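Below you'll find the structure, written out as structure tokens, and then a few comments.
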Amino acid sequence: MACLNIDKMCQREKKMKNEKDEYTLDGTVNKHGQPAVRARTGRWFAGVLLLVNQGLATLAFFGVGVNLVLFLTRVMGQDNAEAANNVSKWTGTVYIFSLLGAFLSDSYWGRYKTCAIFQAIFVAGLISLSLTSYIFLVKPNGCGDEETPCGSHSTISVALFYVSIYLIALGNGGYQPTIATFGADQFDEDHPQESHSKVAFFSYFYLALNLGSLFSNTILGYFEDKGMWTLGFWASAGSAILALVLFLIGTPRYRHFKPTGNPLSRFCQVIVAATRKWKIEQPSRGLELYEGDGQDLPDNGSRRILHTQGFKFLDKAAIITSKDIGVVLVNNQWHLCAVSQVEEVKCILRLLPIWLCTILYSVVFTQMASLFVEQGAAMRTTLSRFHVPPASMSSFDILSVASFIFIYRRVLDPLVTRLKKSSPRGLTELQRMGVGLIIAIMTMVAAGIVEHFRLKSADKKCSHCSNSSSLSIFWQVPQYVLIGASEVFMYVGQLEFFNGQAPDGLKSFGSALCMTSISLGNYVSSLLVSVVMKISTTDKMPGWIPGNLNKGHLDRFYFLLAALTSADFLVYLICAKWYKYIKFEERNIEKQYGEKHGDLRV
């Protein structure tokens, strides 16, 4: 009996030792470039650090962004339409820079280095904005509140202001898609437990983003609404510095994927190789295409993509002709590409229609930072003796996001899973994005109805529209709650969808697609506002969105967005039905690690 107990103890110790030495299965490495040991890297220790980092960075970003429209009107002296357009352009630029961050991350720098560099730029922009506001812009002291506009500014001070906010746009834009993917990298999707954690991470990531903005939308928003702009900007700078410090603290524990090289050259190689062979007859079966020689995949655990039907012209890049025999030996991908490389291009082309359909949703989403705030400022903003800053109403959006993430993960997803007996999972990412579009339509209808009744109770003879309506600002709560619910379905679904459907060498690009849909949504919103103002402005009417909202028809603009989003939803249904999911071959990690490090403990 004693010998049996000793044998069990030895087996237990051996099992624990094997678990300590177990490598990850997805090809991640540690900071030294060695295979990542599961017990010492990644998982929720690194994940939580990155979630806190995201929360603090978001607090810093929204400390500037959420009240930027008010800063432009009160401090910089711009009118409502000009300020709304400038905010849309700035926010759009933030997300355009996400493509730059994704490109550098996937191609050359890797995700860790990209995050660190762009966070440093973000901090520099916030410090510059704080100094510029303190020294030049918020003059005389105490100006910039609801009643005291600031004086005129010199060309240099205005230039410094725009340089500062676009440094913030560059830093935050390059960092955002990379940190989302880097966080997901901390969980091994080929491991049963960690794969579930990876799916959960995207929900918690979006929750951290919203909780981070809760403080800036309430406390910072209140101080900035009272004219304490410099204090709010310095608080944002401090939060960004703390976020960067926390990010660097986790350096020894992070898991990394090695960058895979320039994806643009791989994309162009397929187009060129297919064009060279445009006269060649298409093979009847995908089995006749060039599968690669094992050297076509980067040495980082990347998986081959299995052949799919569609975009048959591109398959010609993988057809082996008599001229390609020598090409195979020298591995010239401008003449002959492997199926996996061809499928990489197909994958991106299939994602584009889905991505385009999400842009109009982002037009709806961006109204929360501009026209919702201006609409709220034109309502009764007092509760007893307490003044409610219009920008702080977005707190209801954040609370809605937090609530619906919990409701979806704990109630709706398990319920749908039980109802869908044919599938072991709940709603797919595409189905969730469709639900998000439906709720976005409801949001615009609700906002239009509120504006309709606000106009009925407004004093149209007032010289300015602030607090000119007797309708309480809390009538905006339904539209903020609805937009929050739609975000949980649309943006969390987008993050999971684009990250999961992007090829292994383009994961940051997948996350950037989500960000750039927001970017183009802001630009489209700006364009739409300009077009609507030009068409609706007559001699007797100053347009739908004038400086004094009481003389306009903002409700008609909201109903127009509801109609456009409805049309977009119909197009989305067609694109989602047409979409074909990417199929990966299993990784051969034993070969990858075994050749370099001998025995792989799994």
Side-chain angles (χ1 to χ4, degrees), residues 180 199-207 209-210 350-351 353-368 396-449 477-501 510-511 513-515 517-518 521 558-559 561-581:
V199 172
F201 176 82
F202 287 111
S203 295
Y204 295 136
F205 178 84
Y206 200 75
L207 178 62
L209 186 152
N210 279 271
R350 288 193 180 106
L351 288 175
I354 301 294
W355 171 71
L356 288 170
C357 289
T358 64
I359 292 172
L360 203 57
Y361 172 84
S362 296
V363 175
V364 173
F365 174 73
T366 195
Q367 306 314 313
M368 186 171 58
F396 289 100
D397 162 73
I398 296 163
L399 294 174
S400 174
V401 167
S403 301
F404 274 93
I405 283 178
F406 175 80
I407 291 170
Y408 177 76
R409 290 193 57 80
R410 300 297 180 184
V411 180
L412 290 179
D413 194 46
L415 177 62
V416 173
T417 301
R418 283 197 294 270
L419 293 175
K420 288 176 64 176
K421 296 179 181 179
S422 59
S423 174
R425 56 183 300 188
L427 294 175
T428 65
E429 292 92 347
L430 287 175
Q431 289 170 337
R432 285 154 58 189
M433 290 158 67
V435 172
L437 279 172
I438 294 172
I439 301 175
I441 297 167
M442 296 166 59
T443 302
M444 287 296 97
V445 171
I449 292 172
V477 170
Q479 66 202 60
Y480 278 106
V481 170
L482 284 171
I483 198 70
S486 71
E487 288 174 61
V488 172
F489 288 95
M490 174 57 79
Y491 283 143
V492 175
Q494 258 188 279
L495 278 171
E496 290 183 29
F497 177 74
F498 288 128
N499 187 274
Q501 291 299 299
S511 297
L513 281 177
C514 179
M515 307 297 176
S517 79
I518 301 174
Y558 286 147
F559 291 140
L561 283 179
L564 291 174
T565 310
S566 299
D568 181 58
F569 174 69
L570 296 177
V571 175
Y572 174 81
L573 289 178
I574 297 171
C575 294
K577 190 168 183 63
W578 169 81
Y579 183 81
K580 293 180 180 178
Y581 280 86

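Here the structure is a predicted model, which means the values were calculated and not measured. Basis for what follows: all heavy atoms, side chains included, without hydrogens, waters or symmetry-related copies. Residue numbers run from 1 in the order of the sequence given.
Under the 3.5 Å distance criterion, the side-chain polar atoms of S400 are matched with a main-chain donor or acceptor of A485. Formation of a donor-acceptor pair under 3.5 Å by the Y361 side chain with backbone atoms of E487 is found in this model. A side-chain donor-acceptor contact under 3.5 Å links S362 to the backbone of S517. In this structure a side-chain-to-backbone donor-acceptor pair under 3.5 Å is missing from T366 to V363.
The environment of F205 atom CZ is dense: over 12 non-hydrogen atoms of other residues, nucleotides or ligands sit within 6.0 angstrom. Within a 6.0 Å sphere centred on OH of Y581, other residues, nucleotides and ligands contribute more than 12 heavy atoms.
At a threshold of 4.5 Å between non-hydrogen side-chain atoms, the residues V435 and R432 do not count as touching.
Side chains of Y558 and Q479: a donor-acceptor N/O pair is absent below 3.5 angstrom, by distance only.
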**Request:** Determine, stepwise, if the pair S203 / Y408 fulfils side-chain hydrogen bond (donor to acceptor under 3.5 Å, both in side chains).
**Result:** CA-CA 10 Å; S203 295; Y408 177 76; over 6 Å; no
**Residues F569, L573; criterion side-chain contact (heavy atoms from CB on, under 4.5 Å); working and verdict** = CA-CA 6 Å; F569 174 69; L573 289 178; 3.7 Å; yes
**Request:** Using the side-chain contact (heavy atoms from CB on, under 4.5 Å) rule, take Y204 and R409 through it: C-alpha gap first, then chi angles, then the decisive distance, then the call.
**Result:** CA-CA 11 Å; Y204 295 136; R409 290 193 57 80; 4.3 Å; yes
**Request:** List the steps, then state whether side-chain contact (heavy atoms from CB on, under 4.5 Å) holds for F497 with L351.
**Result:** CA-CA 9 Å; F497 177 74; L351 288 175; 3.5 Å; yes
**Request:** Mind running side-chain contact (heavy atoms from CB on, under 4.5 Å) on C357 and I354 for me, showing each step along the way?
**Result:** CA-CA 5 Å; C357 289; I354 301 294; 5.9 Å; no
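The nearest pair of heavy atoms linking V364 to M444 is CG1-CE, 3.6 Å. The shortest non-hydrogen separation linking K580 to R350 is O-CD, 3.8 Å. Residue V488 comes nearest to V401 through the heavy atom pair CG2-O, 3.5 Å, listed as atom of the first residue, atom of the second, then distance. What you find for T565 and L360 is that their closest heavy atoms are N-CD2, 3.7 Å. Scanning both residues, A180 and S511, for their nearest heavy atoms gives CB-OG, 4.3 Å.
A distance of 4.0 Å separates CG in D397 from CE in M368, rounded to the nearest 0.5 Å. Note that CE of M433 is 13.5 Å distant from CZ of F489, once rounded to the nearest 0.5 Å. Taking CG from D568 and CD1 from I441, the interatomic distance works out to 8.5 Å, rounded to the nearest 0.5 Å. Atom CZ in F404 sits 12.0 Å away from atom CG in L399 (nearest 0.5 Å). Atoms CG and OG1, from L437 and T358 in turn, are 8.5 Å apart once rounded to the nearest 0.5 Å. Atom CD1 in I398 sits 5.5 Å away from atom CG in N210 (nearest 0.5 Å).
Y491 and F365 have perpendicular rings, their planes meeting at more than 60° on a 0 to 90° scale where under 30° would count as parallel.
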